[in-house]
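Labels below follow one simple rule: chain letters A, B, ... track the order of the sequence lines, proteins then strands, and each chain is numbered from 1.
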Amino acid sequence: MTKTSPATSSISSGEANFSNSYLVTRELSLSYGDRLAFEDVNFEVDRGEIVALIGPSGCGKTSFLSCLNRLTDLFPNCRVSGRIQIGSLDIMNPKIDSIALRRQVGMIFQKPNPFPFSIWKNIAFPLKEHGIKNRDCLDEIIERVLRDVGLWDEVKDRLKSSALGLSGGQQQRLCIARSLALEPEVLLMDEPCSALDPISSGIVEDLIASLRRKYTILIVTHNLAQAKRIADSAALFWVQNGSGRLIESGPVEQIFNAPKHSITAAYASGMRG
Amino acid sequence: MNNLESRSRKTIACKDGALAVLVWGTAIAITGIFLWIAIDVTWHGIGQVSWEFLTTEPRNSGRDGGISSILISTGLILAVCLGTAVPLALGTAILLAEFTATHNRFGQWVRRSLDMLAGVPSIVFGLFGNAFFSITLGLGFSILSGGLTLACTILPILIRTIEVGLRSVPDDYRLGAASLGVSRTSTLIHVLLPSAIPSLIAGLILGMGRAIAEAAALIFTSGYVDRTPTSLLDSGRSLSIHIYDLSMNVPGGDNNAYASVLVLLVLLLFINSTATGLSKLWMHRSI
Ligand SMILES: Nc1ncnc2c1ncn2[C@@H]1O[C@H](COP(=O)(O)OP(=O)(O)OP(=O)(O)O)[C@@H](O)[C@H]1O
Ligand SMILES: [Mg+2]
């Protein structure tokens, strides 16, 4: 790792190493109460890759992403078992500092969820929480990330007006900027384009493609064409025997052109299998 | 065929008409009753109300003079009541809404007790306040006892409205904040509480309305001495008790009773509209 991540430096007991890949899950299962959402997911991602998670509704994609930044801690009666490693961090270690972890692993939601604050404060608030309080420093970061997401020219004259007045696409880009400001290493994106019109969706998609190599990105999408366009590799989830499973993962060429599994072949060609 | 159609159309029109009459009738009846009271009170009371009435102490058991000491006592009782009830309610509501799951045993138990407390007649609170604050804690008949007793009567309603307000803040904000590594405390202070301000104000309006109108709970706790209180440990007479006393126990007190009711009504309207205004202002500010 080039950067020292806040989570690693603060938690020495969180060290783990059971694979050479950057992000690894082993026998990961999750249940809500006694209902199994997905089970036995073994998954590897290399550093800087864009990975598309595809599969029908309810197969556990959102739940899977939520394990990776321990957002599952917020859901009552949600139980996760198995192992997760990101970099040299053991995510499942109960002693891990979840606040530092979530700074390192950012998340973008399906529905844009800016806070009911001004555009400026939307980005500044989490930064201040992480100890960046200097006004000039904040201004500089805010301008940089807004430029990164291509929003600067659109909003530079109204940074102090409410973020809720932005269009859906602009709100989603603001949410991405808000995450980028924390300099994460991993970005988890849960259908970031699904609530947007085709033009905004295209803009956000280009934005995600431009983040390739700088961040490790896991993106859930129902849009197979989009997955093919932006992802390096893909993973198909499917409901089998009442719970979600990872059916096949590999480079996009494999998943879409030479799938090894019949369900993948059917899903990728747009049939239901 | 034609005949049948027109008949069914007729019955529908008839039903619609009946419903309209019913709805309008109820609405008019309710506003009518309120208007009747308001007009009657204003009619009888407006003559007495003057700057002098508001700024002089009552004389001759309240038949003459004004209500200055009564207003001061009422204000102090209200201040003690809100000063205790609001922080307690806020803390409990946060605990219930943010730190206990909906189906958690403890939370359900607290909620059920609160709902039962909300239904307890205020005379019972008055007796409890007398036994606990006045006698056990030795506060006697005082503004402090009265205010604390009132705080007990409005706690349930305050807690439940604030809790509902906090719960109605979309989970998107909680998840969004958590995913950015913002701590729960900061999320609460910077995101959730500001979004719940309108419901907090609604709770305050309901609570203050109930507190100002309360008489039964105060008779046994703050007493009915009509002098201007010099400390919180003095007995003090609230506006509603003054009205009760003038109209029930003091022959010839009717005129000043009417005037006091008018002041009470205006006070309630004033509290209501400032609170609503504040809440609108806040909404406007945060959008
Ligand atoms: N908070 C929760 N409590 C209980 N069950 C849940 C919860 N969240 C999700 N589930 C269940 O877990 C399963 C997986 O849900 P999840 O949201 O992860 O699916 P998904 O693949 O993201 O679906 P979609 O494509 O529709 O977003 C579903 O059957 C869902 O009903
Ligand atoms: Mg989902």
Side-chain angles (χ1 to χ4, degrees), chain A residues 6-7 33 62 65-66 68-78 97-118 121-131 161-165 171 174-175 177-184 187-190, chain B residues 93-111 162-202 278-287:
Chain A
T62 302
L65 283 191
S66 313
L68 303 180
N69 65 350
R70 295 265 302 241
L71 208 59
T72 43
D73 290 356
L74 268 70
F75 306 147
N77 74 31
C78 169
D97 177 357
S98 60
I99 290 191
L101 167 70
R102 289 175 193 149
R103 181 172 181 184
Q104 192 185 340
V105 181
M107 189 166 198
I108 314 294
F109 297 82
Q110 173 170 12
K111 199 168 135 238
N113 58 349
F115 298 120
F117 303 154
S118 70
K121 194 174 168 200
N122 255 283
I123 305 177
F125 168 56
L127 282 172
K128 285 184 188 163
E129 281 299 307
H130 291 284
S161 55
S162 171
L164 302 185
Q171 288 188 6
L174 176 64
C175 292
R178 190 172 72 174
S179 286
L180 295 184
L182 299 175
E183 305 188 337
L187 279 178
L188 309 172
M189 301 184 150
D190 192 2
Chain B
I94 289 172
L95 180 76
L96 285 177
E98 297 300 319
F99 295 92
T100 50
T102 4
H103 33 261
N104 173 296
R105 267 271 178 76
F106 167 75
Q108 273 180 346
W109 189 79
V110 174
R111 254 175 239 120
I162 301 177
E163 187 200 347
V164 169
L166 278 174
R167 280 196 191 278
S168 68
V169 178
D171 262 343
D172 296 355
Y173 293 156
R174 293 185 184 85
L175 292 178
S179 76
L180 291 161
V182 175
S183 68
R184 279 186 95 169
T185 322
S186 298
T187 311
L188 189 65
I189 294 173
H190 296 285
V191 185
L192 303 180
L193 283 180
S195 316
I197 286 275
S199 66
L200 200 154
I201 291 181
L278 275 182
S279 148
K280 277 212 185 100
L281 200 76
W282 179 267
M283 295 281 270
H284 194 75
R285 199 209 71 126
S286 58
I287 279 169

At a 4.5 Å cut-off on heavy atoms, which part of R178(A) comes close to chain B: side chain, backbone, both, or neither?
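Both parts, heavy atoms under 4.5 Å.
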
Taking only residues two or more places apart in sequence or in another chain, which ones pass side-chain contact (heavy atoms from CB on, under 4.5 Å) with E163(B)?
A93(B), L96(B), A97(B), R111(B), R160(B), R167(B)

Sequence neighbours excluded, which residues qualify as salt bridge (charged side-chain N to carboxylate O under 4.0 Å, His left out) partners of K111(A)?
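If we apply the salt bridge (charged side-chain N to carboxylate O under 4.0 Å, His left out) test to K111(A), skipping adjacent residues, the hits are D172(B).
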
With E129(A), which residues qualify under salt bridge (charged side-chain N to carboxylate O under 4.0 Å, His left out), at least two apart?
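Partners of E129(A) by the salt bridge (charged side-chain N to carboxylate O under 4.0 Å, His left out) criterion come out as none, since no residue qualifies.
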
Name the orientation class of the two ring planes belonging to F115(A) and Y173(B) (parallel below 30°, tilted from 30 to 60°, perpendicular beyond 60°).
tilted

Are there residues of residues 177-184 of chain B whose heavy atoms fall under 4.5 Å of chain A's heavy atoms? If so, which?
A177(B), A178(B), S179(B), L180(B), G181(B), V182(B), S183(B)

Any side-chain heavy-atom pair of I162(B) and I94(B) under 4.5 Å
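No - every pair of side-chain heavy atoms lies 4.5 Å or more apart.
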
Note, S195(B) side chain near P116(A) side chain (heavy atom, < 4.5 Å):
yes

